[in-house]
Number of protein chains: 2
Amino acid sequence: MNFDQADAINQAIRRLSLRHRARTAALLAPLGLHPGQEALLLELARTGPMIQAQLSEALGVEPPSVTLMTRKLEASGHIRRAPAPSDKRASIVELTDSGKALTDQVKRLWCALAEETVTGLPAQTVAELPGVLNTLSGNVDARRLAV
Amino acid sequence: MNFDQADAINQAIRRLSLRHRARTAALLAPLGLHPGQEALLLELARTGPMIQAQLSEALGVEPPSVTLMTRKLEASGHIRRAPAPSDKRASIVELTDSGKALTDQVKRLWCALAEETVTGLPAQTVAELPGVLNTLSGNVDARRLAV
DNA sequence: ACAAGTTGGTTATGCGCCTAACTATTATGC
DNA sequence: GCATAATAGTTAGGCGCATAACCAACTTGT
């Protein structure tokens, strides 16, 4: 592949990352959330209580990041951490009532954001979008590459 | 749009951002670069010497980020900053010889990364990819929205 | 010509994410 | 049964990115 094509792709991914994150930040700010935290809340809402290692895997983020994110979300009262009875190393993370309420609001924003994001694209492209993007992610996933 | 569709899109973008950045970091590490810096070098190679405000605009990044990035790249000898003769506030940024050589290496990595990224996708999808991604970015671009 | 507004840049601070190095617990192999 | 390895989590430090607040220099309006 020549450089111009490659650059167009890489640069487009970079710009999308920056702009989508910035837009997410702007939408979450009124809720007192920072981008990244919404993913943790949504994952807990989807899967139910889970330990940090599972969150790390599900979010595609390293354990130290989970430590800090959970600490902050716990401090703001949206999640709760309790020691796991079966494994003294692990701590179980779950949504509080306030966290559940907040997650409902996040879900609404999430729909608005997705609609805004795909505006102007043909329906078929939109339908194929998640698959295409996940192929891209999978292709550069260091974890998968390492296996 | 229902939540599942929206989440599929937003989550796919998030994962792509994380994984593509991580892969970029892994590829740039041997060159002593961190992700983000390559964009600055490539922009300087593409456009020639420019002031930081132009870099900020071209990279889609805020001025304070440019201040820190240029400072670090200057410290490692890849770029040079000189006061602009016509405007005493501005500083002109340009590649050093070492920076030019490094950028050539970055270009090679850039091609390899793009090829790796789009592996397994049909040629037409790849051809349309930059346009689609730029549409997405444009749709959530706060600058465009503000206008 | 000068006050007022705009623009270029920096400093301070905070967040998410990372790697490296560490502790504490659990699982494994001989 | 005990040393060794693997796993859960934390701490420390670094980078890119952001916003807020600020200074210095340029531009503009009257």
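We name chains A, B, ... by the order of the sequence lines, and we start the count at 1 in each one. Heavy atoms only: backbone and side chains are in, while hydrogens, waters and symmetry mates are out.
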Chemist: Can you tell me if the side-chain N/O atoms of B:R81 get under 4.0 Å from OP1 or OP2 in C:dG8?
Modeler: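 For B:R81, the contact criterion (side-chain N or O under 4.0 Å from OP1 or OP2 of C:dG8) is not met.
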Chemist: Select one nucleotide: of C:dT25, D:dA18, D:dT10, the one nearest the side-chain heavy atoms of B:E62.
Modeler: D:dA18
Chemist: Quiz question: going by heavy-atom distance under 3.5 Å, is there a donor-acceptor pair between the base of C:dT7 and the side chain of B:R89?
Modeler: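 In this structure, the two groups form a donor-acceptor pair.
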Chemist: Look only at the side chain of A:N134 and the backbone of A:P130, and say whether a donor-acceptor pair between them is shorter than 3.5 Å.
Modeler: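 Indeed, once roles are kept as given, a pair shorter than 3.5 Å links the two residues.
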Chemist: How close or far is atom C1' of C:dG9 from atom CD of B:E57, stated in whole angstroms?
Modeler: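 Spelled out: CD on B:E57 to C1' on C:dG9 is 16 Å.
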Chemist: What's the CD-P distance between B:Q52 and C:dG9, to the nearest Å?
Modeler: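 That distance rounds to 5 Å.
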Chemist: Could you please name the option among C:dT25, D:dC15, C:dT10 that lies closest to any side-chain atom of B:P64?
Modeler: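 The answer is C:dT10, which lies nearest to the side chain.
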Chemist: Output yes when at least one side-chain N/O atom of B:R23 is less than 4.0 Å from OP1 or OP2 of C:dC18, else no.
Modeler: no
Chemist: Is any side-chain nitrogen or oxygen of B:Q54 closer than 4.0 Å to OP1 or OP2 of C:dG8?
Modeler: no
Chemist: Any side-chain N or O of A:Q37 under 4.0 Å from OP1/OP2 of C:dC15?
Modeler: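 For C:dC15, neither OP1 nor OP2 has a side-chain N or O of A:Q37 closer than 4.0 Å.
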Chemist: Reckon B:R71 has a side-chain N or O less than 4.0 Å from the OP1 or OP2 of D:dC15?
Modeler: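 No.
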Chemist: Between A:R21 and B:S17, is any side-chain donor less than 3.5 angstrom from a side-chain acceptor?
Modeler: no
Chemist: Give a yes or no answer on whether the side chain of B:R14 reaches the backbone of A:P35 with a donor-acceptor pair at less than 3.5 Å.
Modeler: no
Chemist: Could you tell me whether B:R71 and B:E74 make a salt bridge, using a distance below 4.0 angstrom between a side-chain N and a carboxylate O?
Modeler: no
Chemist: OP1 or OP2 of C:dG16 sitting under 4.0 Å from any side-chain N/O of A:K72?
Modeler: yes
Chemist: When you measure from the side chain of A:T70 to the backbone N and O of A:T67, does any donor-acceptor pair fall under 3.5 Å?
Modeler: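 Answer holds: yes.
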Chemist: Just N and O in the side chain of A:S65: are any of them under 4.0 Å from OP1 or OP2 of C:dG16?
Modeler: no
Chemist: Just to be sure I understand the rule, does A:P35 reach a base, reach only the sugar-phosphate, or reach nothing, if contact means heavy atoms closer than 4.0 Å?
Modeler: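 Here A:P35 touches the backbone only, sparing every base.
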Chemist: Closest approach to the side chain of B:D87, judged atom by atom: which nucleotide of D:dC26, C:dC18, C:dT10 is it?
Modeler: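 From the listed options, D:dC26 comes nearest.
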Chemist: For B:R19 and C:dC17, is the shortest distance between a side-chain N/O and OP1 or OP2 below 4.0 Å?
Modeler: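 For C:dC17, neither OP1 nor OP2 has a side-chain N or O of B:R19 closer than 4.0 Å.
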Chemist: Within the pair A:T67 and D:dT10, is there a side-chain N or O less than 4.0 Å away from OP1 or OP2?
Modeler: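 Indeed, a polar side-chain atom of A:T67 lies that close.
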Chemist: Out of C:dA12, D:dG9, D:dG16, which has the shortest distance to the side chain of B:R21?
Modeler: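 Between C:dA12, D:dG9, D:dG16, the one nearest the side chain of B:R21 would be D:dG16.
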